[in-house]
Asker: 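Quick one: structure below, then a few questions.
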Amino acid sequence: QAQLVESGGDLAQAGGSLRLSCLVSQNNFNVNAMGWYRQAPGKQRELVAAITSGGATAYADSVKGRFTISRDNSKNMVYLQMNDLKPEDTAVYYCNGDRLLATIHKGDFASWGQGTQVTVSS
């Protein structure tokens, strides 16, 4: 089972940028697809960006053109570059991964990391 440590969340103003990082403690990290998820209070956790082991990416419509997911397999790291932040981006952001891309889309994981708080003021 992977251990996940998210970081980089902060307070930001609308229109600003943040870069989130996820450290994955798993020897076979390079074979996993990875996703970034977010959860606002009272709302269901949603997938916002995904990246396959080969580097193919996909994004939720709400963040397309603003967020970029990337990975560095040599460092066991996944990143989420967040530009043109909006107040509706306010949430706790989580990363997670699996060998199967279908699992990323479902978001059906037994455990999650602590997440990192992103707060965007208007």
Side-chain angles (χ1 to χ4, degrees):
Q1 295 288 338
Q3 291 185 317
L4 308 156
V5 181
E6 300 94 340
S7 62
D10 207 343
L11 283 75
Q13 294 190 340
S17 297
L18 289 172
R19 183 176 175 86
L20 307 184
S21 299
C22 173
L23 175 63
V24 185
S25 299
Q26 187 176 35
N27 289 336
N28 61 340
F29 164 77
N30 62 325
V31 308
N32 281 358
M34 298 294 300
W36 279 100
Y37 305 78
R38 67 186 181 188
Q39 187 169 30
K43 292 188 176 181
Q44 196 171 22
R45 182 154 30 206
E46 64 172 338
L47 176 67
V48 298
I51 186 166
T52 70
S53 60
T57 59
Y59 300 91
D61 288 341
S62 59
V63 307
K64 283 181 180 176
R66 299 189 297 118
F67 291 8
T68 303
I69 187 171
S70 61
R71 66 193 297 161
D72 185 340
N73 290 343
S74 70
K75 298 179 179 179
N76 279 28
M77 297 288 290
V78 186
Y79 306 98
L80 186 68
Q81 179 66 46
M82 308 165 63
N83 297 327
D84 192 24
L85 285 164
K86 304 176 183 296
E88 51 263 43
D89 296 320
T90 296
V92 178
Y93 284 71
Y94 303 86
C95 65
N96 222 319
D98 193 80
R99 295 182 66 180
L100 299 177
L101 188 59
T103 303
I104 306 300
H105 292 148
K106 294 176 183 176
D108 188 15
F109 298 97
S111 63
W112 299 81
Q114 83 285 357
T116 186
Q117 177 72 52
V118 171
T119 302
V120 184
S121 62
S122 60

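Residue numbers count from 1 along this sequence.
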Asker: Could you work out the complete set of other residues in the hydrophobic cluster of V92, with links drawn between I, L, V, M, F, W and Y side chains under 4.5 Å apart?
Answerer: Y37, L47, Y94, L101, I104, F109, W112
Asker: Please check if the side chain of D89 supplies one atom and the backbone of A14 the other of a donor-acceptor pair under 3.5 Å.
Answerer: no
Asker: At what distance, to the nearest 0.5 angstrom, does CD of Q13 lie from OG of S121?
Answerer: 4.5 Å
Asker: Grouping I, L, V, M, F, W and Y whenever their side-chain heavy atoms are under 4.5 Å apart, do L85 and I69 come out in a common cluster?
Answerer: yes
Asker: In plain terms, say whether K64 and D61 are close enough for a salt bridge, that is, a side-chain N and a carboxylate O under 4.0 Å apart.
Answerer: yes
Asker: Sub-3.5 Å donor-acceptor pair from the side chain of D98 to the main-chain atoms of L100, do we have one?
Answerer: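 It does hold such a pair.
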Asker: Can a donor-acceptor pair be found, under 3.5 Å and without considering hydrogens, that links the side chain of N76 to the backbone of V24?
Answerer: yes
Asker: Among all residues two or more places apart in sequence or in another chain, which pass the ring pair (Phe, Tyr, Trp, His ring centres under 6.0 Å) test with Y93?
Answerer: none
Asker: Are R66 and Y59 close enough that some pair of their side-chain heavy atoms sits under 4.5 Å apart?
Answerer: no
Asker: Is T57 reaching over with its side chain to a backbone N or O of I51, donor-acceptor style, under 3.5 angstrom?
Answerer: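 No.
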Asker: With sequence neighbours excluded, what pairs up with K106 under the salt bridge (Lys or Arg N to Asp or Glu O under 4.0 Å) test?
Answerer: none
Asker: Is there a side-chain contact between V5 and Q3, using heavy atoms and a 4.5 Å cut-off?
Answerer: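 No, too far: nothing below the 4.5 Å cut-off.
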Asker: If only atom types and distance count, is the side chain of R71 paired as donor or acceptor with the main-chain N or O of A33 below 3.5 Å?
Answerer: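 Absent.
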